[in-house]
Amino acid sequence: MKGVATYLKGKSISFLILSLPLLLHSQDWSGNEIRTFDKNWTLNINAGLTSFYGDLSIYDNDFVAKLQHESNYGLGAIMTKHLSPTFGFSGQILLGELKGQKNNFQMKSNIIEYNLHARINFVELFSGNRYLKLGITGYAGIGNFLFMTKLSEYYEGGVKETKVNARVPEFIYFFGGGISYQLSDKMDLTMELTIKQCENDKVDGIVANNEYDYYSYFSIGFSYKINNLFQSYTNQKPDRLVQIQEKQKPIYRPNLNYH
């Protein structure tokens, strides 16, 4: 597991370093330069399964069995600012549950995670076609998470329960990928898998082998494109504003003469 953690960390850092120079080429959906902060956002709402890898997991090399026996439900939201059709920066909030069981120990944990990451659409990067319905995305980033774990130790004649909670937000780094399919001009269907490496070995309540725990999040969601995050009324024509004001007379003072 230590080798896997080192590999994940190297991949995440390399991705961020390679992406930053390219992110400077800002374009909007149509290929024009972005001049305002409020343009070209997407909001993704997703749900799926969070899977635990650590001292109390036994299906680390079997993805299907991992989803069946060592996974619980997760729910997340991702807000992305697109600097171009190819690159973007995102913020994510994730709520999930982890579980694992080995020998006479069983754990269940609730996690709350928030993070920042960079995204790249490889289809648009290499094809140059910005009107394809299918997208293949890769991303990497860093964040923090909190965990609340209940560890149960079963023995003959009873069970001993221990609670282990994070006292402060724990550091996490991750990378992942996914596919998206455009359902309409405003809506995409997404499917993603993320591997998240913890800088902590206490998520399952057991510290052993000096190897950090990690978990994955497999999700399906929908992305809604927002072309203008903040509607600006200052750029409207004065005569249009006058017309709007005339139509919006307060109904609670009907007898007042406005002219």
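Hydrogens, waters and symmetry mates are skipped; everything else that's a heavy atom, side chains included, is used.
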Exercise for review: Taking the six-membered ring of Tyr214 (Phe, Tyr or Trp), confirm whether the NZ or CZ of Lys196 is under 6.0 Å from its centre and within 45° of its axis.
Suggested key: no
**Study point:** Considering all heavy atoms, the nearest Pro85-Asn121 contact
**Key:** O-CB, 4.1 Å
**Study point:** Cluster link Phe222 to Met79, ILVMFWY, side chain under 4.5 Å
**Key:** yes
Point to revise | Value rounded to 0.5 Å, distance of OG in Ser216 from CG in Leu67 | key: 7.0 Å
Exercise for review: Please report the shortest heavy-atom distance between Ile45 and Ala77, naming the atom on each side.
Suggested key: CD1-CB, 3.8 Å
Review point. Are side-chain heavy atoms of Val123 and Leu125 found at a separation under 4.5 Å?
Key: no
Review point. Is Ile172 close to Tyr215 at the side-chain level, that is, under 4.5 Å between some pair of heavy atoms?
Key: yes
Check your understanding: Regarding Tyr217 and Gln92, is there a side-chain donor-to-acceptor distance under 3.5 Å anywhere?
Key -> no
Exercise for review: Considering non-hydrogen atoms only, spot the tightest contact between Ser57 and Asp60 and give its length.
Suggested key: OG-OD1, 2.7 Å
Check your understanding: Under a single-linkage definition using a 4.5 Å side-chain heavy-atom cutoff for Ile, Leu, Val, Met, Phe, Trp and Tyr, are Leu183 and Ile226 assigned to the same hydrophobic cluster?
Key -> yes
Exercise for review: Please report the closest heavy-atom contact between Lys186 and Asn227, naming both atoms and the distance.
Suggested key: NZ-ND2, 3.3 Å
Check your understanding: Out of curiosity, Ile179 CD1 to Leu193 CG, how far, rounded to the nearest 0.5 Å?
Key -> 11.5 Å
Exercise for review: Tell me, yes or no, whether the heavy-atom count around Lys150 atom NZ, taken from other residues, nucleotides or ligands under 6.0 Å, exceeds 12.
Suggested key: no
Check your understanding: Is the backbone N or O of Ser184 less than 3.5 Å from a side-chain atom of Lys133, with the two atoms forming a donor-acceptor pair by type?
Key -> no
Check your understanding: Quick one: does NZ or CZ of Lys66 land under 6.0 Å from the six-membered ring centre of Tyr53, within 45 degrees of the ring axis?
Key -> yes
Review point. For Asn115 and Leu94, what are the C-alpha separation, side-chain angles and deciding distance, and is it a side-chain contact (heavy atoms from CB on, under 4.5 Å)?
Key: CA-CA 9 Å; Asn115 66 65; Leu94 172 64; 5.8 Å; no
**Study point:** Evaluation steps, side-chain contact (heavy atoms from CB on, under 4.5 Å), between Asn144 and Glu113
**Key:** CA-CA 6 Å; Asn144 293 101; Glu113 178 193 331; over 6 Å; no
Practice item. Can you sort out the partners of Gln106 under side-chain hydrogen bond (donor to acceptor under 3.5 Å, both in side chains), two or more places apart, ordered by chain and number? Key: Gln101, Tyr154
Check your understanding: Any chance the side chains of Thr194 and Tyr139 put a donor and an acceptor closer than 3.5 Å?
Key -> yes
Point to revise | Ile120 reachable from Leu116 in the ILVMFWY side-chain graph, under 4.5 Å edges | key: no
Point to revise | Euclidean distance, Asp213 CG relative to Glu170 CD, rounded to 0.5 Å | key: 10.5 Å
Exercise for review: Evaluate the side-chain contact (heavy atoms from CB on, under 4.5 Å) criterion for residues Ile78 and Asn46: first the C-alpha distance (whole Å), next the side-chain angles of each, then the deciding distance (0.1 Å), finally the verdict.
Suggested key: CA-CA 8 Å; Ile78 303 173; Asn46 53 78; 3.9 Å; yes
Practice item. With the side chain counted from C-beta on, respond yes when Thr190 and Asn44 share a heavy-atom pair under 4.5 Å apart, and no when they do not. Key: yes
Review point. Below 4.5 Å, heavy atoms only, C-beta onward: do Tyr212 and Gln197 meet side chain to side chain?
Key: yes
Review point. Going by atom types alone, do Asp188 and Tyr224 pair a side-chain donor with an acceptor below 3.5 Å?
Key: no
Check your understanding: Distance only, no hydrogens: is a donor on one side chain within 3.5 Å (strictly under) of an acceptor on the other, for Thr149 and Asn165?
Key -> no
Check your understanding: Atom CG of Asp204 and atom NZ of Lys99: how far apart are they, to the nearest 0.5 Å?
Key -> 15.5 Å
Exercise for review: Check whether any side-chain heavy atom of Asn104 lies under 4.5 Å from a side-chain heavy atom of Glu153, and answer yes or no.
Suggested key: yes
Check your understanding: Quick one: does Met107's side chain get under 4.5 Å of Ser109's, heavy atoms only?
Key -> yes
Review point. Is the gap between the ring centers of Phe174 and His117 under 6.0 Å?
Key: yes
Review point. With under 30° as parallel and over 60° as perpendicular, where do the rings of Phe122 and Phe126 fit, or are they tilted in between?
Key: parallel
Check your understanding: Can a salt bridge be assigned to the pair Glu192 and Arg119 using a cut-off of 4.0 Å between side-chain N and carboxylate O?
Key -> yes
Exercise for review: Decide whether Ile93 and Ile220 are clustered together by the hydrophobic rule: side chain heavy atoms of Ile, Leu, Val, Met, Phe, Trp, Tyr closer than 4.5 Å, transitively.
Suggested key: no
**Study point:** Heavy-atom side-chain contact between Glu70 and Ile58 under 4.5 Å
**Key:** yes
Exercise for review: For side-chain contact (heavy atoms from CB on, under 4.5 Å), just list the numbers for Phe105 and Leu151, CA-CA rounded to whole Å, side-chain angles, deciding distance to a tenth of an Å, and then say yes or no.
Suggested key: CA-CA 7 Å; Phe105 289 95; Leu151 176 66; 4.1 Å; yes
Practice item. Could you state whether Met191 and Leu189 fall into the same hydrophobic cluster, counting links through intermediate Ile, Leu, Val, Met, Phe, Trp or Tyr residues with side-chain heavy atoms under 4.5 angstrom apart? Key: yes
Point to revise | Any side-chain heavy-atom pair of Leu98 and Val203 under 4.5 Å | key: yes
**Study point:** Among Asn200, Asn110, Ile112, the one residue meeting side-chain contact (heavy atoms from CB on, under 4.5 Å) with Phe147
**Key:** Asn200
Point to revise | Pairwise distance OG(Ser71) to CZ(Phe52) - rounded to 0.5 angstrom | key: 11.5 Å
Practice item. Taking atom CZ of Phe63 as the centre, report whether more than 12 heavy atoms of other residues, nucleotides or ligands fall under 6.0 Å from it. Key: yes
**Study point:** Distance in Å, Asn72 CG paired with Lys108 NZ, rounded so as to fall on 0.5 Å steps
**Key:** 7.5 Å
